[in-house]
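Data first, discussion second: the structure below is written as structure tokens.
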Amino acid sequence: MNKTNPKIMPVMMAPRARATDPIRLKAWHGAALAAFVVLVSIPAFAQADGARDSVFTALARWMPLLLKGFIFNVVISISAMAIGTLAGAALGLGQISLSSWVRKTSWFVTQFFRNAPWLVLLFFAMFLLPFELRIGGIIIPLPDYLKAIIGLSLPVMANVSEIVRGAVVSLPSGQWEAAESLAFTRTQVLWRIILPQCVKRMLPPWMNLYSILTMATVLASIVGVSEVMTLTGQVLAAEGGRTDLLLPIYSTVLLMFFIYCYPIARLTLRLEKKFAVKT
Amino acid sequence: MTWTDDQPMVSVKDVRKSFGALEVLKGVSLDVMKGEVICIIGPSGSGKSTLIRCINALNDIQGGSILVEGQEVNDPDLDKLELRKKVGMVFQQYNLFPHKTALENIMMAPLLVLKDDKAAVEKLARRLIKKVRLEGKEDSYPGELSGGQQQRVAIARSLAMNPDVMLFDEVTAALDPETVNEVLTTIKDLAKDGMTCILVTHEMGFAREVADHIYFTDRGVIVEHGAPDVFFDAAKDPRTVEFLGQIL
Ligand SMILES: Nc1ncnc2c1ncn2[C@@H]1O[C@H](COP(=O)(O)OP(=O)(O)O)[C@@H](O)[C@H]1O
Ligand SMILES: [Mg+2]
């Protein structure tokens with residue numbers, strides 16, 4: 001029996017979970033980090049004399065402030081993610097538009113912001129955005145942290161745009177053809193058939209992007225936003241440049257990011273595995 | 001011009017189709033009357049899929065004419081959606097919507113495209129599930145069904161639009177041998193009910209049994225055609241003879 005080349009459809013192939021991803025966080029990384037903080041604190045603890053607090057006392061004193069700073073990082077990351085995702089989804093759909101003008105423009109904007117260093121984009125937003133916006137009679141102030149959020153949402157937007165475009169083109173063309181031959185309009189095909197299937201494919205890379213964004217929020221310290229790194233600098237200054245505090249404090253900040261990002265990394269991995277089995 | 005059913009339901013005349021510099025259809029003509037079943041056979045790459053995809057405007061054509069119930073398909077102002085409401089299509093790879101159950105797959109187009117009443121559509125869908133002998137599988141997702149079952153859902157999904165003509169593109173080619181027959185039986189049932197069908201197939205026994213007319217294509221042209229008995233028993237063109245010799 002003559003069987004003509006059966007097409008291999010991407011939907012049938014399990015997207016491989018990259019188990020050997022070198023930057024993937026593991027639980028022991030966190031444990032090691034915590035142990036490290038304690039270890040580096042011990043000699044300092046031993047050195048503590050009457051004039052200075054022990055490292056632990058100093059850490060405890062500044063902890064609430066550092067935590068507040070970190071929460072600010074989280075707020076910045078969530079806001080930039082939300083803005084970037086909305087704009088990126090629109091841009092991604094623009095990349096698959098039937099109008100070649102829309103398609104090319106979206107492609108260019110995506111490539112431009114995707115291939116720019118995040119820090120440069122941050123400066124770009126800082127210095128190009130006015131300190132207040134006038135819309136009609138209303139004046140909306142644009143504080144630095146809002147500018148930082150906008151600046152960080154630009155690369156997020158570009159990456160989400162690529163995630164959307166990639167997910168749409170990775171679906172087998174048979175899905176389009178089947179829906180079109182049932183007389184669906186293009187909009188119906190996209191919203192009822194293609195995009196619902198893309199959500200699963202987009203979720204892991206989107207969460208991965210969020211982790212990267214969260215870690216990139218510390219860039220905002222360079223442009224003067226009082227997030228955790230800025231505060232860390234201020235704490236060290238307030239402590240009069242105690243070198244024995246450097247390592248414990250920076251390790252504490254690292255640990256905060258780890259505790260926040262690690263569960264996200266785990267969940268991403270779980271989702272990747274789950275979607276790999278059940279397409 | 002109004003079409004009446006003494007004229008061909010599908011009339012393909014001198015159709016030319018190229019992908020870039022590659023000419024895939026080099027002047028193909030065939031007519032299908034209402035209620036007729038025709039089979040297109042021929043070697044891989046001869047343009048069979050391309051030909052039937054032109055009939056529902058999934059592919060455009062560069063020359064010639066395709067009339068479906070008198071409506072010209074080779075027309076820049078063609079209302080593709082109106083055409084596709086009349087022409088059902090079933091694919092080699094089923095192409096069911098994996099995020100929808102069997103029943104939802106069948107119900108989607110009547111609901112979204114024809115905007116029919118939901119209760120009526122569900123009734124229709126359940127009747128079609130029964131017709132393709134898949135009772136009990138209404139709530140299964142495509143991934144939970146065998147190839148043959150998926151293909152029968154795909155047939156039901158097409159039928160739900162109540163098309164006037166059905167296109168089948170090697171719908172059993174991806175199936176396990178033991179499930180081929182359940183799909184062929186479903187198509188035979190359809191043919192018995194008087195559905196106009198254009199089938200691309202490599203199932204010669206089936207073609208002989210079900211077809212009113214057989215077309216043999218090679219390299220973008222129709223080499224030979226005729227009634228099944230004449231075609232299979234008295235093929236004249238050496239290319240047909242060679243092909244039948246290989247496949248039978
Ligand atoms: N979308 C396409 N772009 C370019 N070439 C194509 C496309 N679809 C089909 N072809 C070519 O057209 C020829 C006929 O293909 P097809 O109609 O699928 O043949 P068949 O169904 O008879 O096996 C082949 O040479 C194939 O490579
Ligand atoms: Mg084919």
Side-chain angles (χ1 to χ4, degrees), chain A residues 1-15 96-100 164 166-204 206 271-279, chain B residues 41 43-46 48-49 53 55-59 79-100 105 108-114 141-144 154 157-158 160-161 163 167 169-170 172-175 177 180 200 202-204 243 246-248:
Chain A
M1 189 91 313
N2 180 349
K3 288 213 173 172
T4 47
N5 48 325
K7 276 175 229 127
I8 295 166
M9 305 197 304
V11 78
M12 298 170 142
M13 297 191 295
I96 51 164
S97 162
L98 282 183
S99 145
S100 82
V164 170
V168 169
V169 302
S170 77
L171 273 196
S173 61
Q175 290 291 309
W176 283 94
E177 290 167 0
E180 281 174 3
S181 64
L182 288 167
F184 283 44
T185 63
R186 189 178 163 87
T187 314
Q188 286 172 333
V189 181
L190 204 54
W191 288 94
R192 303 295 190 134
I193 305 299
I194 304 300
L195 293 178
Q197 294 182 57
C198 287
V199 171
K200 276 183 180 179
R201 287 159 192 254
M202 292 187 298
L203 210 48
W206 182 80
L271 287 177
E272 272 177 3
K273 278 193 183 137
K274 190 175 144 213
F275 296 155
V277 185
K278 237 186 83 199
T279 43
Chain B
I41 63 174
S44 184
S46 61
K48 306 180 297 295
S49 299
R53 291 160 55 90
I55 295 173
N56 72 347
L58 280 182
N59 286 339
D79 184 345
K80 289 185 183 175
L81 301 187
E82 279 309 311
L83 170 74
R84 288 169 183 162
K85 286 180 195 169
K86 296 188 289 197
V87 183
M89 183 154 190
V90 185
F91 302 84
Q92 181 175 336
Q93 293 292 352
Y94 339 126
N95 297 346
L96 290 182
F97 307 131
H99 59 306
K100 299 279 174 182
N105 262 277
M108 257 188 126
L111 284 179
L112 287 175
V113 177
L114 305 178
Y141 283 89
E144 300 162 350
R157 178 176 69 174
S158 249
M161 290 292 283
L167 311 172
D169 188 3
E170 297 196 42
T172 57
L175 298 179
V180 165
V200 175
H202 281 112
E203 300 289 337
M204 294 304 147
F243 179 76
Q246 279 169 2
I247 207 159
L248 288 176

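Each chain gets a letter, A, B and so on, in the order the sequences are listed, and its residues count up from 1.
- The two residues A178(A) and F97(B) make their nearest non-hydrogen contact at CB-CE2, 4.1 Å.
- The contact between L112(B) and chain A is made by backbone and side chain atoms together, counting heavy-atom distances below 4.5 Å.
- In terms of heavy-atom proximity, R192(A) sits nearest to H99(B) at O-NE2, 2.9 Å.
- Residue L167(B) does not touch chain A at all, counting heavy-atom pairs closer than 4.5 Å.
- Of the atoms belonging to V87(B), it is backbone heavy atoms, and not side-chain ones, that fall under 4.5 Å from chain A.
- Only the side chain of F91(B) comes within contact range of chain A, with at least one heavy atom under 4.5 Å from a heavy atom of that chain.
- Put simply, CD on Q188(A) and CE on M108(B) are 8.5 Å apart, with the number rounded to the nearest 0.5 Å.
- Going from atom CG of N95(B) over to atom OG of S173(A) covers 7.5 Å, rounded to the nearest 0.5 Å.
- Each of R84(B), R157(B), K85(B), M89(B) was compared with L182(A) under the side-chain contact (heavy atoms from CB on, under 4.5 Å) criterion, and only R157(B) meets it.
- No donor-acceptor pair closer than 3.5 Å links the side chain of E180(A) to the backbone N or O of L81(B).
- Here the CD-CD distance, from Q93(B) to Q175(A), works out to 11.5 Å after rounding to the nearest 0.5 Å.
- Looking at K80(B), there are no atoms closer than 4.5 Å to chain A (heavy atoms on both sides), in backbone or side chain.
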